[in-house]
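Source: prediction; values computed, not measured. Numbering of ligands and ligand atoms starts at 1, following listing order. The analysis underlying the following values was restricted to heavy atoms, covering all of them including side chains, and did not include hydrogens, waters or symmetry mates.
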Amino acid sequence: MFKLSPSILSANFSNLGEDIKKVEVKGVDCLHIDVMDGHFVPNITIGAPVVKSIKKTTKLPLDVHIMVKEPEKFVDQFIEAGADMLTFHVEATKHPERLLRYIQSKGVKAGISLNPATDISTIKFLYGAFDLVLVMTVNPGFGGQKLISSVLDKVKELKKIKQEKKLDFIIELDGGVNEENIKSCTDAGAELIVAGNAIFGSADPLKAIQNLLAKGA
Ligand code: DX5
Ligand code: ZN
């Protein structure tokens, strides 16, 4: 049974609290928050003060995805702001293992993310050190992009490794998911699916969630 993590990137930022309430429904496991620095990705979004405010408005666990260079400089502020899951990119730091262990030591679930072109071998020596892998199915930076379907092979590979090595981590998938392709994502092995535009870009986010859950099952 897969779960959804709606990405607020496509929400109405001037009415965020109200938009978040619309997705606090069954089948939604957490709230995906995209942090971008204009360096690691060509876009700037939100910072820790906004995460802190969101924490006060919702009971949903916060799934914070930081697309920033040198994430070690920023994790403390997101942990303090209330991140329940904190995911950074393997491409963005020289010492991912140290950072994963640090995040876990603070009682927060630690996630590692891979850009579409990044091979799974980059996390080969990190198994056991993370609670989730976030597989990017678009090049990070913007909502509403098209899912790169070849990346689903990476999800399949991860699922196989997880089973063979009897590992305990969540396979999360992020980027370009919609009603048409969500089944291919769950079939590949995605357990937690991020959806931004498909939910907040819809006139009826609740219906969009129900459709995604039905189509992906
Ligand atoms: C992209 C972000 C995604 C984005 C997904 O850089 O990491 O989380 O919000 O949005 P959609 O579902 O619109 O591709
Ligand atoms: Zn994201």
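- Taking a 4.0 Å cut-off on heavy atoms, Ala198 fails to register as neighbouring ligand 1.
- Heavy atoms of Pro140 found under 4.0 angstrom from ligand 1 belong to the backbone as well as the side chain.
- Which parts of ligand 1 touch Ala195 is read off a 4.0 Å heavy-atom cut-off, strictly below it: atoms 12 (O).
- Polar contact check, Ser10 against ligand 1: no nitrogen or oxygen pair lies under 3.5 Å apart.
- No more than 12 heavy-atom neighbours from other residues, nucleotides or ligands sit within 6.0 angstrom of NZ on Lys207.
- Numbered from 1 in the order shown, with element, the atoms of ligand 1 that lie under 4.0 Å from a heavy atom of Gly143 read 10 (O), 13 (O).
- Here the N, O or S atom of His65 that is nearest to the Zn ion (ligand 2) is ND1.
- In summary, the atoms of ligand 1 found under 4.0 Å from a heavy atom of Met136, numbered by their order in the structure, are 7 (O).
- A salt bridge is absent between Lys94 and Glu72; no separation between the charged side-chain nitrogens and carboxylate oxygens falls under 4.0 Å.
- Of all the N, O or S atoms in Asp34, the one closest to the Zn ion (ligand 2) is OD1.
- Given atom 12 (O) of ligand 1, the protein heavy atom at minimum distance is Gly196 N, 2.8 Å.
- In the hydrophobic clustering (ILVMFWY side chains linked at under 4.5 Å, chained through shared members), Leu192 is joined by Met85, Leu132, Leu134, Met136, Val138, Ile170, Val194.
- Near His65, meaning under 4.0 Å from any of its heavy atoms, are these atoms of ligand 1: 7 (O).
- Listed by number with element, the atoms of ligand 1 under 4.0 angstrom from any heavy atom of Met67 are 6 (O), 7 (O).
- Ranking protein heavy atoms by distance to atom 4 (C) of ligand 1, first place goes to Asp34 OD2, 3.6 Å.
- Distances below 4.0 Å separate heavy atoms of Val194 from the following atoms of ligand 1: 8 (O).
- When atom types are taken as modelled, the side chain of Asn197 and the backbone of Gly143 share no donor-acceptor pair closer than 3.5 angstrom.
- Of all the N, O or S atoms in Asp174, the one closest to the Zn ion (ligand 2) is OD2.
- Looking from atom 6 (O) of ligand 1 to the surrounding protein, the closest heavy atom is Gly141 N, 2.8 Å.
- Using modelled atom types, no side-chain atom of Gln104 and backbone atom of Ala110 make a donor-acceptor pair closer than 3.5 Å.
- Side-chain atoms of Thr93 do not come within 3.5 Å of backbone N or O of His89 as any donor-acceptor pair.
- In this structure, His65 and His32 have tilted ring planes: the angle between them lies in the 30° to 60° band.
- With rounding to the nearest 0.5 Å, the separation of CG in Asn15 from NZ in Lys21 is 9.0 Å.
- Here the OG1 atom belonging to Thr186 is positioned 10.5 Å from the CG atom belonging to Leu213, to the nearest 0.5 angstrom.
- In the displayed structure, Lys55 atom NZ is contacted under 6.0 Å by more than 12 heavy atoms of other residues, nucleotides or ligands.
- Against a heavy-atom cut-off of under 4.0 Å, His32 is close to the following atoms of ligand 1: 8 (O).
- Close contacts of ligand 1 with Met36, meaning ligand atoms under 4.0 Å from a residue heavy atom, involve 6 (O).
- Checked by atom type and distance alone, the side chain of Asn181 pairs as donor or acceptor with a backbone atom of Gly176 at under 3.5 Å.
- Here Asn197 has heavy atoms under 4.0 Å from ligand 1 in both its backbone and its side chain.
- Closest protein heavy atom to atom 5 (C) of ligand 1: Asp174 OD1, 3.5 Å.
- Among protein heavy atoms, atom 13 (O) of ligand 1 sits closest to Gly144 N, 2.8 Å.
- The nearest heavy-atom contact from the protein to atom 1 (C) of ligand 1 is Phe142 O, 3.5 Å.
- When hydrogens are left out, the protein atom nearest atom 14 (O) of ligand 1 is Gly176 N, 2.8 Å; that is the closest non-hydrogen contact.
- Residue Ile44 is found outside any hydrophobic cluster, as its side-chain heavy atoms come under 4.5 Å of no other Ile, Leu, Val, Met, Phe, Trp or Tyr.
- For NZ of Lys52, the number of neighbouring non-hydrogen atoms (other residues, nucleotides, ligands) closer than 6.0 Å is 12 at most.
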